[in-house]
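Everything below concerns the one structure shown next.
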Amino acid sequence: MADGYDPKKSKVSDDRMEQWRVAKVTGSLEDVPGIGPAAVRSLAAGEGDDVVTNTYQLFGKFLMLKGPDSDGHKVDCMEHMEKFWHWLKQRGIRSHRSAIVKAVAIKASTFFPDIYDASLYDDDDDEEEDE
């Protein structure tokens, strides 16, 4: 399978995703399903605009990757999720990338309802997360 976002690779339970979706954003990166101490260190490493030390910055990066739109091309949901997944990979996130993408997208969809469409990923495959 190609390298990239696949929500079926997320091992986070539906109950946990729902808890996250309705919970207050505290700013702690470890509140995000799929993010643990190693991911927090990876996201905080480096310098400049890619340094992320809280959930607000993570949402900001997610939203920045929704563009840029240009004449004849608009970044759609699937391209957006791919861009975020690859950005996480570039930042050194080695595992649970699909879970993180899904969690951020689901939470973002509570305040931007059309930003994520889970039905685009429906099919009969039941693959497990491999990274």
Side-chain angles (χ1 to χ4, degrees):
M1 176 172 206
D3 198 29
Y5 175 62
D6 182 349
K8 290 176 224 54
K9 290 182 178 180
S10 172
K11 293 182 179 179
V12 177
S13 72
D14 290 342
D15 287 343
R16 174 67 182 104
M17 280 294 182
E18 181 60 16
Q19 289 171 354
W20 158 251
R21 187 186 70 77
V22 300
K24 177 181 175 186
V25 175
T26 67
S28 173
L29 286 169
E30 289 192 51
D31 288 350
V32 179
I35 294 184
V40 169
R41 287 189 300 275
S42 293
L43 290 169
E47 55 188 51
D49 290 339
D50 277 343
V51 173
V52 171
T53 59
N54 61 56
T55 53
Y56 305 105
Q57 291 174 306
L58 187 64
F59 283 114
K61 191 58 170 179
F62 175 77
L63 294 171
M64 285 179 64
L65 293 170
K66 180 66 174 148
D69 292 340
S70 61
D71 290 341
H73 178 73
K74 182 175 179 172
V75 175
D76 65 17
C77 175
M78 293 179 91
E79 180 182 358
H80 184 202
M81 299 311 116
E82 286 296 315
K83 288 171 71 174
F84 190 53
W85 189 95
H86 285 283
W87 179 81
L88 290 168
K89 183 177 180 181
Q90 172 202 349
R91 296 295 302 133
I93 306 301
R94 296 185 200 185
S95 60
H96 309 295
R97 283 187 299 269
S98 287
I100 297 166
V101 171
K102 184 176 180 181
V104 171
I106 286 171
K107 186 71 162 182
S109 71
T110 65
F111 38 89
F112 298 106
D114 293 330
I115 205 156
Y116 184 65
D117 183 355
S119 69
L120 293 173
Y121 298 94
D122 288 344
D123 67 25
D124 294 331
D125 292 344
D126 287 326
E127 294 183 26
E128 295 293 319
E129 179 168 351
D130 54 10
E131 279 199 2

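Please read all numbers here as calculations on a predicted model, not as lab measurements.
Across Glu30 and Pro37, no two heavy atoms sit closer than the pair OE1-CD, 3.8 Å. Taking both residues in full, the closest heavy atoms of Gly34 and His96 are given as O-CB, 3.6 Å, listed atom of the first, atom of the second, then distance. Of all heavy-atom pairs between Ala44 and Val51, the closest is O-CG1, 3.6 Å. Nearest approach of Ala99 to Val12, heavy atoms of both residues: CB-CG2, 3.7 Å. The heavy-atom pair separating Gly4 from Lys9 by the smallest distance is O-NZ, 4.2 Å.
Taking 4.5 Å as the limit, some side-chain heavy atom of Asp3 sits within range of a side-chain heavy atom of Lys89.
Relative orientation of the Phe62 and Phe84 rings is perpendicular, given thresholds of 30° and 60° on the angle between their planes.
Partner Ile93 forms a side-chain contact (heavy atoms from CB on, under 4.5 Å) with one of Leu43, Val101, Ile35 and no other, that one being Leu43.
Hydrophobic clustering of Ile, Leu, Val, Met, Phe, Trp and Tyr side chains at less than 4.5 Å, counting indirect connections, unites Trp20 with Phe111. Under the 4.5 Å side-chain contact rule for hydrophobic residues, Phe112 and Val25 share a cluster. Residues Met64 and Ile100 are members of separate hydrophobic clusters, defined by side-chain heavy-atom contacts under 4.5 angstrom among Ile, Leu, Val, Met, Phe, Trp and Tyr.
At least one donor-acceptor pair under 3.5 Å links the side chain of Lys66 to the backbone N or O of Val75. For the pair Tyr116 (side chain) and Met81 (backbone), a donor-acceptor distance under 3.5 Å is absent. Put simply, the side chain of Lys8 gets close to the backbone of Tyr121: a donor and an acceptor are under 3.5 Å apart.
For residues 69-83, there are no salt bridge (Lys or Arg N to Asp or Glu O under 4.0 Å) pairs, not counting sequence neighbours.
The neighbour count for Met78 CE, taken as heavy atoms of other residues, nucleotides or ligands under 6.0 Å away, is above 12.
One distance of note links CG of Leu65 with CH2 of Trp85; it measures 14.0 Å at 0.5 Å rounding. Rounding to the nearest 0.5 angstrom, the gap separating the OG atom in Ser10 from the CZ atom in Arg16 is 10.5 Å. Here the straight-line distance linking atom CG of Leu29 with atom OH of Tyr56 works out to 11.0 Å at 0.5 Å rounding. Separation of atoms CG (Leu58) and CG (Leu88) is listed at 7.0 Å; rounding is to 0.5 Å. Here Ser109 contributes atom OG and Arg21 contributes atom CZ; the two are 7.5 Å apart, rounded to the nearest 0.5 Å. Atom CD1 of Ile106 and atom CG of Asp14 lie 8.0 Å apart (nearest 0.5 Å).
A salt bridge links Lys61 to Asp50: one of the charged nitrogens lies within less than 4.0 Å of a carboxylate oxygen.
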